[in-house]
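Structure first, commentary second.
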Amino acid sequence: MPFKKISGKNNKHQVILFALSTCGWCRMTKELFNSNGIEYEFIDVDLTSGPEREEIIKRVRQLNPRGSFPTIQIDDQVVVGYDEERIRELLEI
Amino acid sequence: MTEEFPPEVVKLYEQLKKEAEEAGYNLNPDRNFTLGLVAALLTNEKRYGYRACPCRLALGDKEKDIDIICPCYYRDADLEEFGACYCALYVSDDWIAGRIRKGSIPERRPAQFFISGYAEPAPVTNTGEMTKLSLPVWRCKVCGYLCARPEPPGKCPICKAGKERFERFI
């Protein structure tokens with residue numbers, strides 16, 4: 001799957017972000033990661049199509065049955081939506 | 001950080017702001033955040049032919065996405081309960097005044113619509129006295145505006161939703 005990897009100095013946690021390229025809260029999530037040097041992988045699901053999109057949607061729904069964005073996986077924890085406090089807590093930032 | 005936005009984005013932003021204020025709504029006062037959402041509405045308009053909600057995954061089929069065309073069917077309930085719509089383009093007075101925590105809110109749209117799209121609810125059938133009206137009553141599914149006339153209006157005078165987003169109410 002075409003995840004994009006953003007390198008960062010802080011790679012203490014495994015961070016995967018399921019996002020939409022048009023979504024304001026997804027953008028805030030990326031900005032929070034970028035400004036804190038977090039290393040993460042992300043995919044903009046609205047830019048995918050066909051079987052690739054179906055596969056990613058399945059993955060999103062396993063983590064977040066409502067299928068909303070952003071869905072953020074930090075190690076074995078899942079954060080749904082831009083919950084800054086929870087994200088900071090899990091990333092220890 | 002202030003970003004530069006193309007003139008068509010700024011123009012639509014000004015138009016939506018004016019329409020919102022005239023109808024008693026507020027656009028999010030965080031201008032940069034809001035301009036980003038307006039730009040995304042235009043992106044979706046180019047992509048799908050309609051302004052699907054920037055924070056939801058559209059299927060690209062107008063019938064299936066009709067509930068999430070901005071303003072969405074969930075906006076008013078979200079403003080009431082959380083002080084902001086799902087993508088926070090529209091916010092309440094309490095939200096602006098800082099009486100409500102600012103952050104993303106839970107998704108109200110039924111989960112099954114994420115996979116298969118909007119399912120039109122069964123039309124209201126009323127066989128009682130109320131059907132003896134001289135004209136049908138149409139209801140805007142976005143804001144609840146009601147009017148009695150032969151056909152729904154081309155555009156809702158309150159929230160500017162299109163004709164196709166009206167249902168026959170009585």
Side-chain angles (χ1 to χ4, degrees), chain A residues 1-2 17-36 42-74 78-91 93, chain B residues 1 3 5 9 13 27-28 30-48 50-61 65 68 70 72 74 78 82 84-91 101-117:
Chain A
M1 276 187 274
L17 164 66
F18 296 87
L20 299 178
S21 69
T22 49
C23 166
W25 297 118
C26 299
R27 202 157 111 179
M28 300 265 285
T29 308
K30 289 173 188 168
E31 278 169 17
L32 181 66
F33 291 164
N34 294 340
S35 59
N36 286 280
F42 80 95
I43 187 162
D44 284 326
V45 183
D46 57 320
L47 303 180
T48 64
S49 60
E52 183 181 272
R53 181 186 279 201
E54 279 171 35
E55 202 182 314
I56 293 163
I57 284 175
K58 247 188 238 164
R59 250 182 95 175
V60 173
R61 293 200 86 195
Q62 278 166 5
L63 301 171
N64 164 18
R66 295 206 67 93
S68 58
F69 298 95
T71 293
I72 309 150
Q73 193 177 9
I74 301 174
V78 178
V79 181
V80 172
Y82 180 73
D83 183 343
E84 187 176 335
E85 214 172 299
R86 180 83 180 125
I87 297 168
R88 284 186 180 276
E89 185 189 330
L90 291 171
L91 291 175
I93 54 172
Chain B
M1 189 181 71
E3 271 180 66
F5 289 93
V9 173
Y13 167 83
L27 283 198
N28 190 327
D30 181 340
R31 188 179 155 94
N32 220 43
F33 182 85
T34 305
L35 279 163
L37 290 173
V38 172
L41 286 175
L42 286 175
T43 300
N44 282 348
E45 187 166 40
K46 280 175 201 146
R47 226 185 246 173
Y48 309 118
Y50 46 88
R51 293 177 195 157
C53 173
C55 293
R56 293 180 167 112
L57 186 62
L59 296 173
D61 174 335
D65 291 335
I68 55 165
C70 186
C72 68
Y74 314 103
D78 281 340
F82 300 109
C85 73
Y86 186 63
C87 69
L89 177 65
Y90 293 95
V91 295
R101 192 186 73 92
K102 293 175 186 175
S104 58
I105 65 165
E107 171 62 298
R108 178 182 303 275
R109 189 186 197 215
Q112 68 269 24
F113 294 178
F114 175 62
I115 298 300
S116 49

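Lettering of chains follows the sequences in order, A, B, ..., and the numbering in each one begins at 1.
Atom CZ of A:Phe69 sits about 10.5 Å away from atom CD of B:Glu107, to the nearest 0.5 Å. Of the inter-residue distances, the one linking A:Arg66 atom CZ with B:Gln112 atom CD reads 8.5 Å to the nearest 0.5 angstrom. To the nearest 0.5 Å, atoms OG1 (B:Thr43) and CG (A:Asp46) are separated by 9.5 Å. The distance from atom NZ of A:Lys58 to atom CD1 of B:Ile115, rounded to the nearest 0.5 Å, is 10.0 Å.
Most heavy-atom pairs under 4.5 Å with chain A: of the set B:Cys55, B:Cys87, B:Gly36, this distinction falls to B:Cys55. Of all the listed residues (A:Asp83, A:Ile57, A:Val80), the one sharing the greatest number of non-hydrogen pairs under 4.5 Å with chain B is A:Ile57. Of the residues considered (A:Gly67, A:Ser68, A:Pro70), A:Gly67 shows the highest number of contacts with chain B, using heavy-atom pairs under 4.5 Å.
The closest donor-acceptor contact from the side chain of A:Thr22 to the backbone of B:Ala40 lies at 3.5 Å or more, if one exists at all.
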Please walk me through it: do B:Phe114 and A:Arg61 pass side chain to side chain contact (heavy atoms under 4.5 Å, CB included)? CA-CA 10 Å; B:Phe114 175 62; A:Arg61 293 200 86 195; 3.8 Å; yes
ring-ring contact (aromatic ring centres under 6.0 Å, His included) for A:Trp25 and B:Phe33? Distances and angles first, verdict last. CA-CA 9 Å; A:Trp25 297 118; B:Phe33 182 85; 5.2 Å; yes
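With a 4.5 Å cut-off on non-hydrogen atoms, B:Tyr86 touches chain A through its backbone and its side chain both. For B:Pro110, the part sitting under 4.5 Å from any heavy atom of chain A is the backbone (N, CA, C, O) and nothing else. Looking at B:Leu57, both its backbone and its side chain come within 4.5 Å of chain A, counting heavy atoms on both sides. Using a 4.5 Å cut-off between heavy atoms, B:Ala52 makes no contact with chain A at all.
In this structure the side chain of A:Leu47 reaches within 4.5 angstrom of the side chain of B:Arg47, judged on heavy atoms.
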